[in-house]
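Have a look at the structure below, then the notes.
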Amino acid sequence: MKSGSNLEKVILSGQPAVTAELGPPMSADGHEVIKKAKELKGFCDAANITDCQTAVVRISSIAAAVLALREGLEPVMQMTCRDRNRIAIQADLLGAAALGLKNCLCLAGDHQVFSAAGRLKGHPGAKNVYDVDTCQLVGILKKMRDEGLQEGGDKLEVAPKFFIGASWTPMGDPIDIRPMNLLKKVNAGADFIQTQGIYDIELFRAQMAKIVNMGLHERTAILGGIIVPKSAMMLKYMDSSVAGVSVPKALIDRMNKAKEAAGDDKKKARELQEAEGIKLSIELIHQVLETPGIKGVHIQAIEWESAIEGIVKAAGLYPRPAFAE
Amino acid sequence: MIVGSQKSIDEIWDMIKGFKKVLVFGCNTCVAICHAGGEKEAETIATLLRMRAAQEGKDIAVDFSSVMRHCEPEYFEPVMEDLKKYDLILSTACGVGVNFLSDRTGTIPVYPGVNTSFYGAVESPGNFVELCAGCGNCILHLTGGICPIARCSKTLMNGPCGGTNKGKCEISKDVDCAWYLIVERMKKLGTLEKLAEIQPARNWSTSRDGGPRRVSLEHIRAYEEKEAANTDSAGGKK
Amino acid sequence: MAAESAIKMKGTHLQRVAALKETRPYSPCRAACPVNTDVQAYVGLIAQGRYNEAFEVIRSVNPVASVCSLICHHPCERACRRCSIDEPLAVRPLKRFALEQASEYRRDRRALVEKTRDRSIGIIGSGPAGLTAANDLADLGYKVTVYDRHPALGGMLVSAIPAYRLPREALKEDIDDVIAKGVEVKTNCEIGRDISMKELSEKHDAILIAVGLSLSRSLNIPGVEGPGVMLAIPFLEDVAFDRKPDLGKKVLVIGGGNVAMDVARSARRLGVKNVEMVCLEGPDEMPAWKWEVEEATEEDIKIHHRWGPKSVVREGAKVKGLEVVKVLSVFDSERRFSPTFDQNQTTVIGADTIIITIGQMANVSFLKDTQVRIDDRGRVVWDPKTQMTGAKGVFVSGEVVTGPGAAIQAAASGHRSALAIHLYLQGESIEGKLPTYEKEKISDMPADVASKIGREPRMKLRHLPPKVRCESFVQFESGYDEKTALTEAGRCRGCGGGAVVDAKKCMACLTCQRVCPYGAPVVSAWSEIRPEFCQACGLCAPECPGQAISMVSYDVREIRDTMASIVGAVEPKRPDPVIVAFLCMRHMGTSGFSLPDNVRKVPVHCTSRIDIIDILKAFECGADGVAVVRCSTETCKYKGIEDRVSARVDRAKQLIGMLGMEAGRLEIMNSDSGAENPYSGVCAGFSGKIKQMGLRTNK
């Protein structure tokens with residue numbers, strides 16, 4: 001055991017792992033975190049606590065992760081390269097470990113221009129850091145954990161023991177480089193991988209075949225990403241605008257059909273689409289889990305954490321395995 | 001070359017409106033090439049400022065002139081006396097020129113008329129692109145000649161992030177993804193496999209992060225210093 | 001007002017570009033001119049309606065400008081690079097036009113030149129060589145006396161060139177220019193008869209012999225002596241001074257040169273219906289200018305080609321005709337004049353009067369017993385390197401030593417002699433200091449450039465119908481009217497007047513290379529704009545970020561520097577807005593220049609030469625509105641400039657917007673240049689719009 005986290009245990013047990021996502025609020029309201037943690041608790045093996053996703057200022061991943069942990073939900077803290085240099089990153093990692101956090105997902109982080117979206121002003125004028133990139137960050141975590149050394153080489157009396165994760169966009173552009181991209185993360189020390197949301201299962205399986213061929217599925221646990229769609233509009237948006245995500249037309253048509261069935265009733269349209277989205281997600285979970293080389297799913301119900309329970313149950317992934325301490 | 005862009009007339013006006021005799025001082029190299037601060041732009045700015053002064057009923061004399069480069073003292077030494085006739089010099093050189101001149105004009109302030117943007121190339125007329133960040137430790141041989149430090153929004157060293165969309169960067173449809181370009185280029189070069197090697201965390205001390213930088217060529221400096229010493233002792237050849 | 005101030009600035013402007021021009025190859029027209037008249041410069045000024053300045057350019061090197069404007073053989077036209085596109089520019093008629101337009105200005109500017117040097121020069125002969133030398137020496141402050149055996153000045157110009165080609169009033173303008181400087185004139189004064197060379201030597205510090213070739217050569221054939229056979233020069237002198245010779249019903253002119261043409265055509269004008277010519281040469285071999293032959297033919301003058309005179313056939317004393325013998329060849333294998341005849345083929349051409357025009361020679365009998373040496377063929381011995389004869393202080397000039405030539409060639413010789421005399425009187429060596437007028441010229445137009453240039457027919461001159469013109473000695477050629485002249489001037493490609501780079505300011509940025517429609521600039525360490533490619537559009541200069549490019553013919557700063565005087569005072573309570581209109585002068589026509597009073601016009605060679613700063617300057621000087629008015633795409637002299645000019649106007653709109661000014665105060669407008677008054681309508685419309693928008697005010 002590298003970290004002794006629940007997630008690590010589930011993966012080691014060979015059962016399909018389920019992770020979910022918890023977005024901390026844009027205010028100092030810890031109760032919001034607690035509320036969401038309660039919604040997720042028991043329905044996933046661990047939940048990602050996002051690190052100011054889309055570069056929007058929120059309760060920090062570490063702090064929210066600790067709040068979740070107190071609620072009995074195992075967190076996967078996220079660490080982006082955007083906001084901290086290697087000094088801050090390592091300091092935070094030491095603190096996180098000291099507070100009992102055991103999983104850490106390494107990310108580049110969305111660019112700060114994303115923070116000014118919709119009605120949000122955000123901080124597009126912020127200075128970004130990117131002192132290290134994801135691959136290097138994974139390497140730093142591994143070096144701290146396995147060698148007991150800081151990046152600079154100074155010794156750590158007590159090393160932080162993280163189950164190290166990294167993100168992967170299997171169908172991102174340029175697609176030829178994506179398997180190598182994963183290889184580098186695995187070589188750097190990624191214990192588990194959470195992928196970008198998958199809708200185009202055929203393409204995903206083609207990429208996974210390459211990964212299996214490279215033997216990477218044996219060296220890391222790949223959890224396929226599921227983004228629970230709420231509406232036809234959301235699917236269309238993701239297809240056109242979200243990098244590395246393509247949504248087959250058939251899926252969009254299904255959602256449209258659900259929407260149209262409600263006629264002019266907007267409330268009903270929303271309900272029907274949400275129901276269809278959940279149904280669709282369950283199908284995707286099955287398809288992903290049936291894909292060779294896959295060790296679990298990472299289900300993101302963005303600002304809709306309450307949906308997780310139903311999905312996990314309907315997908316036959318409930319109850320989640322439990323391990324003695 | 002160094003690429004810059006002109007400041008707005010409003011901003012410049014706010015800088016100069018308290019002065020009586022202003023020289024808009026152009027630099028005829030990099031900033032001229034990017035149509036920001038050569039003699040032509042210096043004259044344009046001077047004309048606009050005079051018009052603005054007339055609009056505001058202020059009595060400000062605004063002239064223009066230029067030299068080939070602001071970053072070597074020999075170029076502006078011949079006009080140094082002329083510069084001293086003004087109570088403000090609005091330099092349309094890059095920041096280098098403004099600094100360099102400012103160090104040499106005593107009590108006369110030197111203000112910037114141009115925003116210095118980056119080191120870039122003229123991709124096509126009127127299109128200037130950043131291609132180097134001056135990090136002080138070039139790795140272009142590893143990346144197919146395309147710099148991820150200057151051209152990747154996140155200065156990623158080990159491949160693209162998940163934000164690449166149809167070859168473009170996540171920050172804008174108008175910005176190429178450097179890693180997309182690198183991959184395509186290295187495919188052509190047949191060196192794609194080189195990318196599998198993990199680039200370790202960089203030592204940024206050669207970059208701006210290491211503090212103000214200086215390049216000293218010992219073989220030239222040693223000679224110059226010796227010459228200076230010789231001429232001093234000989235009674236001032238200089 | 002604008003024109004006046006521009007004339008005041010002329011000196012500086014011309015001076016500014018003159019030095020630059022010397023460093024460059026000349027335009028072919030200028031290089032071809034025996035005095036290097038800057039043709040391209042004055043044609044450019046004509047096109048802008050700046051006639052007085054055009055006159056200055058012409059007169060600065062040519063004291064017989066009016067003469068040349070009428071009778072010059074215009075080598076400039078043959079050199080014109082338009083020849084490879086369509087037809088050469090009509091330079092001579094344009095010169096005539098400019099001089100006619102500037103005649104009042106010309107008279108007003110005549111002034112005495114102060115005699116600053118206490119030395120005097122006697123000039124014998126007042127033809128183009130003598131006049132030119134007198135002009136130059138007077139300008140230098142010398143006392144100059146001109147002697148001429150004729151009652152009027154002008155030498156051959158007055159005594160031998162018939163008035164239908166050169167009206168005496170035109171010649172008088174040239175002479176008056178020179179005389180006005182304070183030159184003393186002694187007419188009816190023949191050296192050796194009325195005053196001796198010795199007296200002349202005592203009276204003057206230097207003497208210039210510029211007597212030309214005043215004697216006609218005769219033929220040594222049987223029957224030549226006696227009544228009914230005349231020589232060209234005495235005949236032409238009779239014509240010139242209105243001594244009507246009796247010619248009978250049929251005149252036969254022997255000779256095929258230009259003088260023969262003058263003689264034959266004068267005879268027609270004396271009422272002789274039947275004038276014929278006989279010459280050794282075939283139609284393509286004749287030395288006369290082609291157009292002279294054509295005009296003579298129009299006037300029913302018959303030419304017998306390839307016959308040589310054998311004898312004058314007389315019936316008693318009376319001439320009955322000329323016996324001629326067939327010419328087999330005129331030139332030998334080395335193109336030397338060496339006629340051969342077939343003595344078996346003869347005929348007789350009937351005539352009452354025969355006039356021999358087979359060449360002239362100098363009358364230098366007055367130089368006998370002087371130190372001036374004459375060789376055994378009767379020619380003055382001289383040194384072309386110093387223009388001096390064997391006698392110290394005695395110089396020569398013109399045809400007397402150069403042999404027959406054109407007026408402008410004699411003028412060139414006159415310039416050389418004047419400078420030689422000046423150097424001599426200063427005690428300086430002469431050799432190597434006299435102008436050669438041989439300058440490097442811009443080479444031929446590259447084919448790809450020529451292909452980009454539109455065909456434009458040369459503006460035709462109108463001639464009186466042959467019947468009418470043969471009735472008197474009235475000038476038969478009409479000059480251009482203003483519209484025609486401006487159109488013709490617009491055909492000039494401005495060779496040699498194009499862009500030139502100041503290497504000290506050029507940072508080799510490639511802007512000019514990218515901008516040029518003709519591929520003229522080549523940028524290496526700095527930009528070099530190849531003159532043979534450059535069409536002088538001026539598109540590059542306003543784009544140059546280092547302001548390193550000037551136009552040789554036209555300084556790019558000129559508009560900016562003169563803008564304040566062009567705009568003038570802007571009254572706070574003006575009833576109408578002040579509009580500055582930049583007008584493409586292309587096909588602008590006469591009326592193009594007449595615009596409403598509140599419109600200040602700035603004629604530009606092409607709108608491509610307008611700089612953003614020029615536009616801003618107009619606003620700075622107080623304009624309420626600025627109009628850029630260009631000719632249409634079809635008539636544009638250059639191809640593909642519109643978009644760049646529009647881009648500049650758009651940028652200028654942005655810039656004035658930064659000062660809170662409405663973009664509508666600046667407008668780019670097209671006008672059909674073929675219209676009668678192309679620009680006044682659009683300018684008036686624009687002015688109305690600006691009036692509605694309101695006048696500009698400052699705090």
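Throughout, a chain's letter reflects where its sequence line sits, starting with A, and its residues are numbered from 1.
If you measure heavy-atom distances from A/Val242 to chain B, the contacts under 4.5 Å come from the backbone alone. The contact between B/Glu193 and chain A is made by backbone and side chain atoms together, counting heavy-atom distances below 4.5 Å. Only the backbone of A/Ser240 comes within contact range of chain B, with at least one heavy atom under 4.5 Å from a heavy atom of that chain. Contacts between A/Asn187 and chain B at a heavy-atom distance below 4.5 Å involve backbone atoms as well as side-chain atoms. Using a 4.5 Å cut-off between heavy atoms, A/Ser241 touches chain B through its backbone atoms (N, CA, C, O) alone. Residue contact with chain A, scored on non-hydrogen atoms closer than 4.5 Å, involves the backbone of B/Pro200 exclusively. In this structure, chain A has no heavy atom under 4.5 Å from any part of B/Lys173.
B/Phe19 has its ring centre less than 6.0 Å from the ring centre of B/Tyr111. Ring centers of B/Phe64 and B/Phe25: at least 6.0 Å apart, outside the cut-off.
Counting heavy-atom pairs closer than 4.5 Å to chain B, the top-ranked of the candidates A/Gln112, A/Glu151, A/Arg178 is A/Arg178. Ranked by heavy-atom pairs shorter than 4.5 Å toward chain B, the options A/Asp110, A/Val132, A/Leu137 are led by A/Asp110. Chosen from B/Gly167, B/Gly159, B/Cys161, B/Pro160, the residue pairing most often with chain A at heavy-atom distances under 4.5 Å is B/Pro160. Taking A/Cys81, A/Pro124, A/Ala188, A/Cys135 one by one and counting their heavy-atom pairs under 4.5 Å with chain B, the maximum is reached by A/Cys135.
B/Asn115 is linked by a side-chain hydrogen bond (donor to acceptor under 3.5 Å, both in side chains) to B/Lys7, counting only residues two or more places apart in sequence or in another chain. With sequence neighbours excluded, the residues satisfying side-chain hydrogen bond (donor to acceptor under 3.5 Å, both in side chains) with B/Asn203 are B/Ser205.
Side chain to side chain, B/Trp204 and A/Asp131 meet the donor-acceptor criterion of an N or O pair below 3.5 Å.
With respect to the salt-bridge test (charged N to carboxylate O, under 4.0 angstrom), the residues B/Lys187 and A/Asp176 qualify. Between A/Asp92 and A/Arg84, at least one side-chain nitrogen of the basic residue sits less than 4.0 Å from a carboxylate oxygen of the acidic one, meeting the salt-bridge criterion.
By the neighbour-count criterion of 12 heavy atoms within 6.0 Å, atom CZ of B/Phe118 is densely surrounded, having more than that number from other residues, nucleotides or ligands.
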